[in-house]
Structure formats: C-alpha cells, structure tokens
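The basis for the numbers below is simple: all heavy atoms, side chains too, and nothing from hydrogens, waters or symmetry mates.
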Amino acid sequence: MYAIAKLMTALLILSLSLSAPALAAPKPGEKPPVQREQAQTAEPGSAMHINMTAQFVFPSPGGRAVAQISNPEDSAGAMQYTLVIESSEIARVAGIDCGAEGDIALYASGEVPVGGSIEEISISPLPNGALLPEGVYKAYMLVKPLASEGMINAVFRTEVSVKVMADERTCALNADGMLDLAAHNATGKPARLELVVSAAALVSGGGPDVYTEGTGYKPEDTFVRLFQTDEIGPYESGAWRAVGLPDGQGLPEGNYECWLMRIEQDAEPYACARVQLSAAAQAPTETGDTEWMCAQRLSYAQAAVNGAYLLAMTEGKRYE
C-alpha cells in the first residue's frame with residue numbers, strides 16, 4: 001500500500017528535449033548517417049521522473065522514431081506509455097477522415113519497469129487502415145503509473161509533436177483527366193503542389209522518351225510535371241490542373257512512379273510522397289513543358305533522392 005500511496009502522491013516531472021532529430025539530406029547516390037536526438041535527463045529526487053523526446057520524427061509511416069523514453073532508477077514505479085492523436089488533428093493536417101473520432105492510439109507500450117527504457121517506437125495504421133500521411137501533428141503522450149496490485153487510476157497527459165517526413169500513396173487518372181489524389185497543403189505556410197515524374201519512370205510506365213542527351217543529368221534525375229495546383233493556403237485543399245508533356249504529347253495508358261512535390265514560397269521542392277499512378281490514356285495538349293523541365297532538374301532530383309532515402313528507412317531498417 002505504501003507503494004500505491006507513493007504513486008498517487010508523486011509529482012510528475014517532464015524532461016523533454018525540444019529540438020527535433022535531424023535526418024540529413026543526402027545528395028543523389030549518397031547515403032549519409034542519421035543524426036539522432038539526445039533526450040535530456042531529469043534531475044534526481046523523490047518525484048516521479050518521465051524522460052522522453054518532445055518530438056517523435058518518423059522518416060515514413062513505416063519507419064521508427066527515436067523516443068529515448070526512460071523510467072529512471074529513482075522513479076516511483078513502473079509506467080505505461082501511449083501515444084495518441086486526435087482525429088480532428090489528422091483531418092486538419094492531412095485532410096483525411098481516419099475512420100474514427102476522438103483520440104486515436106498510434107503507439108502503446110507494455111509495462112516499463114523502474115530503470116527500463118524505450119529507445120525507438122513505430123506507429124500503427126489508422127482505424128481506416130491507412131497510414132499516417134506526411135505532416136507535423138500535435139499529439140499527446142499518456143503516461144500511466146502501474147503497481148503490482150494493478151492499474152493506478154491516474155493518467156498524465158503531455159503534449160508532444162509527431163512528424164512524418166514522407167509517405168507512399170496510390171492514385172488513378174481517368175480518361176477525362178480527373179486525378180483522385182488529394183491536393184492538400186499539410187503545412188502552416190502557403191504552398192503549391194505538383195505531381196512530377198522522371199524521364200526514366202515515364203518510359204518505364206509506357207510513356208514517351210522526353211530525355212535530352214548532353215544535359216549532364218541522368219534520365220532518373222530529369223523531371224516533368226503532370227499536374228500542378230495554384231497556391232494553397234495553410235492546411236487547406238486546392239484543385240489539380242493538368243500540365244502537358246513536352247511537345248504537347250498525351251500521357252499514354254500505364255502505371256507510373258511519380259512524386260508529390262510541395263513548393264513553399266522561396267523554398268526548394270519537398271517530396272511529400274512517392275505516388276504510384278495508374279493512368280488511362282490522355283489526349284494531347286496544345287502546349288508542352290520543355291523549358292520548365294530543363295530549368296528545374298537539380299532541385300527536383302535532390303527532393304526525390306531525399307524522399308526515396310526516407311522511405312527506405314522502413315521499420316526494422318535504419319541506415320547508419
């Protein structure tokens with residue numbers, strides 16, 4: 001009973017690291033190390049100490065985030081940790097219905113004993129079976145003290161941040177040019193969205209060869225736009241409009257590996273998601289996109305390499 005009383009009366013001390021883990025941006029062909037965040041340590045004392053990072057950064061929904069959750073030796077007892085996010089926050093940031101309302105559990109630990117720790121965590125699919133899309137979300141860590149007699153009726157809730165750096169999506173393009181890919185700006189700044197495909201992926205999917213020799217760039221590093229939006233406000237949705245291929249060629253029927261790019265004002269493109277596009281044949285257009293393709297190779301190639309690097313860091317696999 002003394003242990004229970006100690007848990008019930010203990011003060012909660014949160015020791016949160018406020019800087020986010022830095023995932024270094026590689027250059028094409030490079031694979032740099034991941035820089036991990038170091039969590040701070042709470043001062044020892046008679047209170048209940050909770051140590052963890054303030055932001056959980058997942059390279060992709062299937063990747064793992066550095067957590068560095070620890071239940072120190074001088075803690076009052078065992079703990080259980082549950083990472084939750086509100087359905088309204090998912091709708092705000094990602095623009096999707098997750099299939100449920102209220103708190104959605106992304107992660108739940110077992111019993112973490114005194115002196116125990118959790119170095120990394122992964123997140124579960126949403127209630128609708130989808131994975132949490134790219135974006136930065138406000139979330140909460142629920143910390144519940146445990147005792148040998150059972151669960152203590154006290155849960156401590158502290159705000160944390162969940163960041164998903166890239167994801168994978170599928171979409172279809174029908175014969176009328178309608179694209180069933182959400183055009184949602186998942187940031188707090190105005191931005192444009194573009195759906196782009198490399199010259200190499202265009203040919204692999206059954207499309208025309210738009211690559212020009214002698215540019216100094218490989219076909220996989222040369223991109224063309226298929227769709228784009230006007231500027232979209234923070235956490236708002238926009239509409240896609242088609243962009244013609246070089247020389248006004250129509251996109252043939254096929255399956256194409258594309259990238260969803262987000263471009264904020266005065267910023268380089270950011271690869272939000274790798275998109276598998278299933279396209280019906282498209283009619284030719286009057287104008288092409290050759291000048292844009294020639295001028296934008298490097299920044300889009302770098303964004304795509306960064307995105308592929310993040311998506312390669314799937315659960316159980318980390319590049320060191």
Side-chain angles (χ1 to χ4, degrees), residues 91-97 133-135 166-211 222-304 307:
R92 182 182 75 92
V93 176
I96 64 170
D97 181 354
E134 179 268 339
D167 66 75
E168 299 203 61
R169 308 178 193 183
T170 60
C171 70
L173 175 63
N174 66 23
D176 295 326
M178 300 298 294
L179 184 68
D180 68 347
L181 179 68
H184 186 78
N185 178 11
T187 72
K189 297 180 180 180
R192 294 181 295 106
L193 299 178
E194 296 178 349
L195 186 66
V196 304
V197 61
S198 72
L202 191 60
V203 171
S204 297
D209 186 356
V210 299
Y211 177 67
T222 301
F223 286 81
V224 294
R225 289 181 292 190
L226 299 179
F227 287 84
Q228 65 182 9
T229 71
D230 293 329
E231 186 174 82
I232 304 172
Y235 305 113
E236 295 181 355
S237 296
W240 292 109
R241 67 173 185 274
V243 179
L245 291 174
D247 302 322
Q249 301 173 78
L251 182 69
E253 179 181 357
N255 296 304
Y256 303 93
E257 181 180 282
C258 305
W259 286 96
L260 174 62
M261 299 285 183
R262 181 174 60 240
I263 303 97
E264 298 176 5
Q265 187 174 11
D266 300 324
E268 297 291 338
Y270 184 85
C272 309
R274 183 164 54 199
V275 180
Q276 302 300 326
L277 172 66
S278 176
Q282 304 298 298
T285 59
E286 295 181 359
T287 59
D289 210 15
T290 305
E291 292 183 2
W292 176 89
M293 178 185 71
C294 295
Q296 302 291 334
R297 285 190 180 92
L298 181 58
S299 60
Y300 282 76
Q302 182 65 68

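For residues 227-242, every residue pair satisfying the side chain to side chain donor-acceptor pair (under 3.5 Å) rule, not counting sequence neighbours, is listed here: H184-S237, R225-Q228, D230-R241.
Nearest heavy atom pair, residue L260 against residue L181, reads CD1-CD2, 4.4 Å. Contact between P208 and V203 at its shortest, heavy atoms only, is O-CG2, 3.8 Å. Nearest approach of C258 to L226, heavy atoms of both residues: SG-CD1, 3.9 Å. When all heavy atoms are compared, the tightest approach of A303 to A271 is O-CB, 3.3 Å. Between M261 and A304 the shortest heavy-atom distance is CE-N, 4.0 Å. Contact detail for A183 and I232: the closest heavy-atom pair is O-CD1, 3.7 Å.
Side chains of R192 and R262 form no contact here, defined as non-hydrogen atoms less than 4.5 Å apart. E268 places none of its side-chain heavy atoms less than 4.5 Å from the side chain of Q302. Side-chain contact between P190 and P234 is present, with heavy atoms from C-beta onward closer than 4.5 Å. V275 has its side chain out of reach of T170: every pair of non-hydrogen atoms, C-beta onward, lies at least 4.5 Å apart. For the pair Y300 and W259, the minimum side-chain heavy-atom distance is 4.5 Å or more. Counting heavy atoms from C-beta on, the side chains of N174 and L179 never come closer than 4.5 Å. Residues V210 and L202 form a side-chain contact, since some pair of their non-hydrogen atoms from C-beta on lies under 4.5 Å apart.
Take Q282 and apply the side chain to side chain contact (heavy atoms under 4.5 Å, CB included) test, not counting sequence neighbours, and it matches L173, L251, A280. Here T187 pairs with N185 under the side chain to side chain donor-acceptor pair (under 3.5 Å) rule; sequence neighbours left out.
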Requested in this report: Might you work through the side chain to side chain contact (heavy atoms under 4.5 Å, CB included) test for V197 and E257, ending with a clear yes or no?
Outcome: CA-CA 7 Å; V197 61; E257 181 180 282; over 6 Å; no
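Side chains of E134 and Y270: a donor-acceptor N/O pair is absent below 3.5 angstrom, by distance only.
At least one donor-acceptor pair closer than 3.5 Å links the side chain of D180 to the backbone N or O of A172.
The distance from the SG atom of C171 to the CG atom of L195 is 6.0 Å, given to the nearest 0.5 Å.
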